[in-house]
There are 2 protein chains.
Amino acid sequence: MQITTANPTGHDSREGLLKAARELIVGRSYSAVGIAEICAHAGVRKGSLYHFFPGKEALTLAMLDALYADFEQEVLIPALAGVDGLGARIEAFVRAIHDFEAGIKADTGQLPGCPFGNLAVEMGTHNPTLRQAIREHLDAVTAHFRSVLDEAVQDGELPSHTDTDALAEQWLALMEGILVMAKANQDPATILRLGPALGALLNPTPEARHES
Amino acid sequence: MQITTANPTGHDSREGLLKAARELIVGRSYSAVGIAEICAHAGVRKGSLYHFFPGKEALTLAMLDALYADFEQEVLIPALAGVDGLGARIEAFVRAIHDFEAGIKADTGQLPGCPFGNLAVEMGTHNPTLRQAIREHLDAVTAHFRSVLDEAVQDGELPSHTDTDALAEQWLALMEGILVMAKANQDPATILRLGPALGALLNPTPEARHES
DNA sequence: CTTGCACTTTACCGACCGGTCAACTAGTGT
DNA sequence: ACACTAGTTGACCGGTCGGTAAAGTGCAAG
């Protein structure tokens with residue numbers, strides 16, 4: 001059991017910084033969290049941060065990549081593939097988002113909303129680099145939605161003329177809006193209350209459905 | 001034409017500060033704009049700001065009140081009362097929001113998104129005072145939406161069992177989401193592209209409409 | 001044994017943050 | 001003429017921001 005203070009691999013420090021950045025920035029915001037706080041939370045000195053990352057922005061970009069990967073594996077894929085039928089998938093997705101937000105609120109006392117949407121709103125007008133990265137992550141989410149909708153068209157749950165591209169974008173927009181409202185309310189119940197609107201947007205009402 | 005450097009009424013300075021705070025904070029964000037910049041933009045020294053307002057937060061609260069009042073008078077009421085019929089009102093509203101955002105983008109090069117939603121997202125988790133004020137403004141917007149929906153129920157455009165409270169909240173959520181997407185894209189066309197989703201959410205499809 | 005390298009540590013930088021203060025100016029009421 | 005007061009001014013405060021630089025540490029390969 002040797003103690004290596006030098007930590008030649010540096011993976012602990014790097015990953016600790018990414019984890020600290022995630023928890024703090026997601027829980028508060030980009031500008032409300034300083035690198036000093038991130039370093040303290042990770043148990044690392046400031047100089048080490050600048051050994052692994054060129055600066056705060058690069059650290060945030062790397063954090064967002066890791067965050068999206070986890071979100072995809074732990075939320076997006078399980079919720080959307082875990083059940084059959086468009087309606088059930090939407091419901092499972094809403095519940096997954098609710099549980100995610102409610103969990104963070106229970107841990108930290110704060111309901112964060114969508115980490116990507118938050119950053120897009122906060123930095124969209126004055127940090128093109130971050131904005132572009134966030135845009136790409138949002139596009140990736142939209143692609144998941146679209147493939148769910150395409151499958152629903154395939155299965156006859158949606159009319160064959162459905163514009164799944166447009167519908168997927170609307171899905172994301174409504175979800176982002178729901179999370180803005182939930183954050184403004186600081187109340188996860190907002191997500192459950194507004195969730196059914198997704199069904200109204202994406203599912204044809206029984207009367208409106210004209211089977212092809 | 002006397003020149004009064006002392007400005008005994010102080011209204012010019014106060015209103016100049018509110019205007020500068022609005023332009024800068026709406027165009028960027030709360031934390032990205034310092035009081036020094038606000039004062040410079042208003043042509044006023046920092047000490048004068050603290051003569052009229054206890055601090056940055058109070059200035060922002062006053063700015064939000066004025067902003068909402070203008071938004072109500074210049075956008076909300078004209079767009080929603082200027083035409084007849086639910087569908088036409090939604091369309092007019094979307095176009096008004098688009099023109100508002102596109103106008104600012106043309107002037108400043110930045111598409112700001114919803115000023116209230118932005119602040120809610122940025123400060124929601126760590127400034128309860130601002131969050132609460134924003135919540136009240138969002139509630140006021142929702143009330144306008146609801147009265148439009150109530151009128152549509154009255155006119156038989158919506159079924160009499162319609163939950164206009166819930167629908168108004170969904171309307172606001174979707175609008176906020178649309179503006180998040182538009183800001184992430186920095187493209188006002190996003191608003192026009194996603195706008196029709198509001199119609200899908202609020203208007204029964206022709207096939208689904210069962211006249212009462 | 002030595003050199004090189006990955007990583008850590010500490011002290012430090014200029015810039016800016018929101019906010020304070022006391023002195024000053026100029027109109028107003030008496 | 002006087003005091004009062006609303007408003008203005010510029011210097012100043014401690015603290016924090018993101019970022020830098022140089023010295024030091026310990027392992028591994030030659």
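If you're wondering where the values come from, they're calculated on a predicted model, not measured in any experiment. In what follows, chains carry the letters A, B, and so on, assigned in the order in which the sequence lines appear, proteins first and then strands, with residues in each chain numbered from 1.
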Which of residues 28-40 of chain A sit near DNA chain D, with a heavy atom under 4.0 Å from it?
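Of all residues in residues 28-40 of chain A, the ones placing a heavy atom under 4.0 Å from DNA chain D are A:Val33, A:Gly34, A:Ile35.
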
For DNA chain D, which residues of residues 54-65 of chain A approach it to below 4.0 angstrom with any heavy atom?
A:Gly55, A:Lys56

Let me know the distance between [atom1] of [X] and [atom2] of [N], rounded to the nearest Å.
| X | N | atom1 | atom2 | answer |
| --- | --- | --- | --- | --- |
| A:Phe52 | C:dC7 | CZ | P | 5 Å |
| A:Arg14 | C:dA6 | CZ | P | 15 Å |
| A:Leu17 | C:dC7 | CG | P | 12 Å |
| B:Tyr50 | D:dC12 | OH | P | 19 Å |
| A:Glu15 | C:dC7 | CD | C1' | 15 Å |
| B:His51 | C:dT25 | NE2 | P | 17 Å |

Any pair with a residue in residues 78-120 of chain A that passes ring pair (Phe, Tyr, Trp, His ring centres under 6.0 Å), sequence neighbours left out, goes on the list, sorted by first then second residue, please.
A:Phe93-A:Phe145, A:Phe93-A:Trp171, A:Phe116-A:His137

Ring pair (Phe, Tyr, Trp, His ring centres under 6.0 Å) pairs, two or more places apart, involving residues 176-196 of chain B
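Applying ring pair (Phe, Tyr, Trp, His ring centres under 6.0 Å) to every pair that reaches into residues 176-196 of chain B, excluding sequence neighbours, yields nothing.
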
In chain order, what residues pass the side chain to side chain contact (heavy atoms under 4.5 Å, CB included) check against A:Asp70, with sequence neighbours excluded?
A:Arg22, A:Glu74

Under the side chain to side chain contact (heavy atoms under 4.5 Å, CB included) test, residues paired with B:Thr142 that sit two or more places apart:
B:Ala168, B:Leu172

According to salt bridge (Lys or Arg N to Asp or Glu O under 4.0 Å), does anything in residues 106-133 of chain A pair up with another residue at least two apart or in another chain? List the pairs.
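Listed once each, the pairs would be none.
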
Donor-acceptor pairs under 3.5 Å, side chain of residues 49-57 of chain B to any protein atom, not counting sequence neighbours: which ones?
unit_1  : atom_1 : unit_2   : atom_2 : d
B:Lys56 : NZ     : B:Tyr30  : O      : 2.9
B:Lys56 : NZ     : B:Val33  : O      : 2.9
B:Glu57 : OE1    : B:Asn127 : ND2    : 3.2

For A:Glu151, what residues pass the side chain to side chain donor-acceptor pair (under 3.5 Å) criterion, not counting sequence neighbours?
A:Arg89

Hits for side chain to side chain donor-acceptor pair (under 3.5 Å) against A:Glu169, two or more places apart or cross-chain, chain-then-number order -> B:Arg193

What pairs meet the side-chain hydrogen bond (donor to acceptor under 3.5 Å, both in side chains) rule with one or both residues in residues 37-46 of chain A, with sequence neighbours excluded?
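Pairs touching residues 37-46 of chain A that pass the test: A:Arg28-A:Glu37.
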
Any N/O pairs under 3.5 Å between the protein and nucleotides 10-15 of chain C? List them or say none.
none

For B:Gln110 and A:His126, test the side chains for any donor-to-acceptor distance below 3.5 angstrom and give the result as yes or no.
no

Under 4.0 Å from OP1 or OP2 of C:dT8: is there any side-chain N or O of A:Ser13 that close?
yes

Quick check: are there more than 12 heavy atoms from other residues, nucleotides or ligands sitting under 6.0 Å from NZ of A:Lys19?
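Check fails, neighbour count at 12 or below.
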
